[in-house]
Amino acid sequence: MRYRDARDFEDNYRPAWSPLILGCPPGLAKKRNGCMPPGQARPIWGYDEPYANWYAYPSWYRYDDRYDWRYNDGYLYRVDRTTLMISAFLPLLGGALYQGNIWPSDYDDYAVDPYYVRYYGSDDDYDYRYADGAVFAVDRRSQRIEGIVALLTGDRWSLGSRLPDGYDIYNVPPEYRDRYYDSDSAWYRYSDGYIYEIDPATLLVRKLIELLDNA
Amino acid sequence: MRTATLATLVAISAMTLFGCKKPEQTREQKEAAAKAEAAVGTRQDVYKALDDSSDLSVMAKLVKSAGLEKTLGGVGSYTLFAPTDAAFARLPQDQRQLLESKDGRPQLLALLRQHIVTGYIAQADLEKGLARSGGAASLATMGGAPIRIHKGQNGMLVGQGETGPHVTSEPILSRNGVIYRIDQIIPPPTK
């Protein structure tokens with residue numbers, strides 16, 4: 001069952017929210033009220049070493065009083081602190097989502113925006129799929145993950161909304177700089193395969209520009 | 001999902017017989033790459049530029065281990081804040097071993113994503129942007145949280161204060177990205 005994903009938003013397909021899957025992860029026996037995390041699943045927070053908490057970045061599994069989060073064998077488990085049962089799970093980039101692995105069967109509806117297939121993709125032998133902030137090339141026949149073709153910020157952009165945090169500085173790729181450069185009347189910012197035109201006075205997004213056709 | 005065509009099946013058969021083929025760029029992608037090469041003056045992609053830098057060999061190795069070669073060698077545009085080999089050497093040994101292990105790969109990806117910023121940010125862009133915004137700016141990363149960059153007493157730094165990772169030298173330009181060497185790993189967030 002899909003928890004929520006980018007297609008729930010008006011700007012279509014952009015991954016703004018978690019693709020958590022509700023239910024029991026593959027390989028875990030389901031009991032009446034869900035499933036228990038395996039004994040070797042380890043917590044992702046609470047380490048003393050400053051460099052041991054790297055999992056904490058993606059916002060969809062930030063620290064939450066209701067849930068504990070545990071990692072085991074490529075999957076992150078969301079564990080209800082009250083029942084101690086797994087309530088949702090997430091295949092992680094670098095874990096279950098890694099080249100050579102078979103695409104997780106629960107992720108059967110994560111096709112990407114056709115524009116992204118055209119922008120990042122290049123090979124008709126592959127399906128291009130989105131999960132955990134990345135676009136993957138997946139072999140159509142074997143369902144094997146062949147590689148990560150793009151990493152995405154997942155930042156939400158839509159016409160009329162404010163420039164997201166993190167775009168203070170001009171960052172347009174070189175091949176588009178002769179057309180899209182900052183001036184007193186317009187700023188341009190690149191994000192996840194698009195260029196956005198910004199009103200410098202209000203910092204509102206004024207226009208979305210698809211690339212490739214405009215190089 | 002698109003239905004596999006006869007041509008696709010033939011291609012798959014050819015792959016089986018002759019091994020994995022290298023994906024070809026589309027005409028549009030080739031044109032964009034050629035224009036980028038002309039603008040920057042190099043054909044190197046950001047992964048190759050990283051791999052060719054003698055003091056960034058650990059970062060290059062970790063990027064490869066993370067499966068990000070295609071990502072950084074593709075059409076997307078990225079700016080890397082790349083810890084030098086000396087910066088990685090200062091990590092506790094058990095942490096470095098974890099990042100190099102299969103079990104630690106999700107952590108490695110999380111670490112790397114926080115060092116990769118979206119888009120192409122040349123040094124002049126950084127300086128101009130920092131001047132306009134009062135000496136500090138926020139950069140969107142692939143890791144879910146922006147990083148802050150600011151001008152300190154001894155150059156540009158990531159994070160707050162004067163003790164964070166410093167940008168140590170001129171950036172490396174490639175056709176699809178820019179690499180800034182930094183002297184520490186960007187620390188993970190606190191919950």
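Numbers restart at 1 for each chain; the letters A, B, ... are given by sequence-line order, proteins then strands.
Residues B:Phe81 and B:Tyr180 bring their aromatic ring centres within 6.0 Å. Aromatic ring centres of A:Phe136 and A:Trp103 lie closer together than 6.0 Å. Between A:Phe89 and A:Trp69, the ring center distance fails the sub-6.0 Å criterion. Taking the six-membered ring where the residue is Trp, the centroids of A:Tyr167 and A:Tyr190 are separated by 6.0 Å or more.
When the candidates A:Val135, A:Asp73, A:Asp178 are compared by the number of heavy-atom contacts under 4.5 Å with chain B, A:Asp178 comes out ahead. Options B:Gly76, B:Gly129, B:Gly67 differ in how many heavy-atom pairs under 4.5 Å they form with chain A, and the most are formed by B:Gly67. For the set B:Met142, B:Lys128, B:Glu69, the count of heavy-atom pairs under 4.5 angstrom toward chain A peaks at B:Met142. For the options B:Leu139, B:Leu130, B:Thr141, heavy-atom pairs under 4.5 Å to chain A are most numerous at B:Leu139. Comparing A:Asp182, A:Ile148, A:Ile195 by heavy-atom pairs within less than 4.5 Å of chain B, the highest count is held by A:Ile148. When each of B:Gly119, B:Ser138, B:Ser133 is scored by its heavy-atom pairs under 4.5 Å with chain A, the top score falls to B:Ser138. The candidate with the highest count of non-hydrogen atom pairs below 4.5 Å against chain B, out of A:Gly147, A:Pro174, A:Ala150, is A:Pro174.
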Stepwise, does the side-chain hydrogen bond (donor to acceptor under 3.5 Å, both in side chains) test hold for B:Arg113 with B:His115?
-> CA-CA 5 Å; B:Arg113 284 159 73 155; B:His115 289 72; over 6 Å; no
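Neither the backbone nor the side chain of B:Leu72 has a heavy atom closer than 4.5 Å to any heavy atom of chain A. Both the backbone and the side chain of B:Ala137 come within contact range of chain A, with heavy atoms under 4.5 Å apart. Looking at B:Arg132, only its side chain comes within 4.5 Å of chain A, counting heavy atoms on both sides.
In this pair, A:Tyr126 and A:Tyr128 present their aromatic rings perpendicular. The plane angle is above 60°, beyond the 30 to 60° band.
For the 3.5 Å distance criterion, the side chains of B:Arg181 and B:Ser169 qualify, holding a donor opposite an acceptor.
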